[in-house]
Amino acid sequence: MRKQIVAGNWKMNTNIAEGAELAKMVIAQKTTLKTDVELVLIPPFTHIHEVAKTVSGTTIKVGAQNCAEWSKGAYTGEVAASMIKAVGATHVVIGHSERREYFKEDNHLLYRKIKEALNNGLTPIYCCGEKLDEREAGKYFDVVEQQISESLFELTGEQMQKIVIAYEPVWAIGTGRNATAEQAQEMHAYIRKVLAKKFGQDLANSISILYGGSCKPSNAAEIFAKPDVDGGLIGGASLVADDFIAIANSF
Ligand code: PEP
């Protein structure tokens, strides 16, 4: 059985008080969940510690939105995986399309970040997904396969086992236009096939693959019902506790 995960990427939203309040609202509503889906809250760096303290004693996990490719040193403005771990996070998003686009992060750099995360006991949530022009040109399988192979294929099987993958078509992120359940399933199955070729079918079958891109209470159930979709990485809707919980209740 693969783990079901719903992770909320708060991006550059909320201040520390608002973040703690949002976490408290998620905790309060968690009792309504019908399955043991794992919830991960992913606030800005400045309030990871506060949110981690707020959720301590519950099963809710906390993540960071990025980490440095280095472990320490003269890298002004960067945050090391060890520092993220030390303030109570268990997960880290690596390769979100906004980081690929605005900060020019490429697949090889992301591999180094994944290694840092793993070396410090964090679970990487590795994001992949094609842009609109790549989908329209019919290149989406090739693009995602390249992202996966360049960022993940140098990992050992043991390391790979610790990765969560998020398929996030860039054209669906923050646009209100989600992939159809069929498009999500098609890509998730393809990603699993690519992983199986490299790491074996058993390992591929054990990896949680989340869907991200305008996932909301109204479309989550249809998407999560697909056999290769193991949950979601949620942006906008994760800022509203009711919506986040409704999505987590969509299995
Ligand atoms: C995201 O940024 O990871 C995301 C999926 O955003 P949204 O849900 O707002 O499309």
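These numbers were taken from a predicted model, which means no experiment stands behind them. Read the numbers this way: they start at 1 and go in the same order the structure lists the ligands and their atoms.
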Look at [atom] and say which protein heavy atom is nearest, naming residue and atom and giving the distance to 0.1 Å.
{"atom": "atom 1 (C) of ligand 1", "value": "H96 NE2, 3.2 Å"}
{"atom": "atom 9 (O) of ligand 1", "value": "G236 N, 2.9 Å"}
{"atom": "atom 3 (O) of ligand 1", "value": "E168 OE2, 2.7 Å"}

For this session: Kindly indicate, with the supporting measurements, whether the criterion side chain to side chain donor-acceptor pair (under 3.5 Å) is fulfilled by Q201 and N205.
Result: CA-CA 6 Å; Q201 193 65 54; N205 285 345; 3.0 Å; yes

Exercise. Can you find a non-hydrogen atom of G174 under 4.0 Å from ligand 1?
Worked result: yes

Exercise. Are A172 and ligand 1 in contact, using a heavy-atom cut-off of under 4.0 Å?
Worked result: yes

Show the atoms of ligand 1 that are less than 4.0 angstrom away from any heavy atom in [X].
{"X": "G213", "result": "5 (C), 10 (O)"}
{"X": "I173", "result": "1 (C), 2 (O), 4 (C), 6 (O), 10 (O)"}
{"X": "K11", "result": "1 (C), 2 (O), 6 (O)"}

Exercise. Taking all atoms of both residues into account, what is the closest heavy-atom pair of G63 and V40, and its distance?
Worked result: N-CG1, 4.0 Å

Exercise. What closest approach, in Å, do V51 and A20 show between heavy atoms, and which atom pair accounts for it?
Worked result: CG2-N, 4.5 Å

Exercise. Is Y102 isolated, or which residues cluster with it under the ILVMFWY side-chain rule of less than 4.5 Å, directly or via members?
Worked result: F103

Exercise. Would you say S214 has any N or O atom under 3.5 Å from an N or O of ligand 1, going by distance alone?
Worked result: yes

Exercise. Between the side chains of S97 and K131, is a donor N or O closer than 3.5 angstrom to an acceptor N or O?
Worked result: no

For this session: Establish, from distance only, whether the side-chain atoms of Y167 and E130 form a donor-acceptor pair under 3.5 Å.
Result: yes

Problem set entry | E222 atom CD, neighbour heavy-atom count above 12 within 6.0 Å | no

Problem set entry | Per-residue contact class, N9 against ligand 1 - non-hydrogen pairs under 4.0 Å | side chain

For this session: For the residue pair I125 and I94, establish whether any side-chain heavy-atom pair is separated by less than 4.5 Å.
Result: no

For this session: Return the option from G235, G232, A237 holding the heavy atom at the smallest distance from atom 7 (P) of ligand 1.
Result: G235

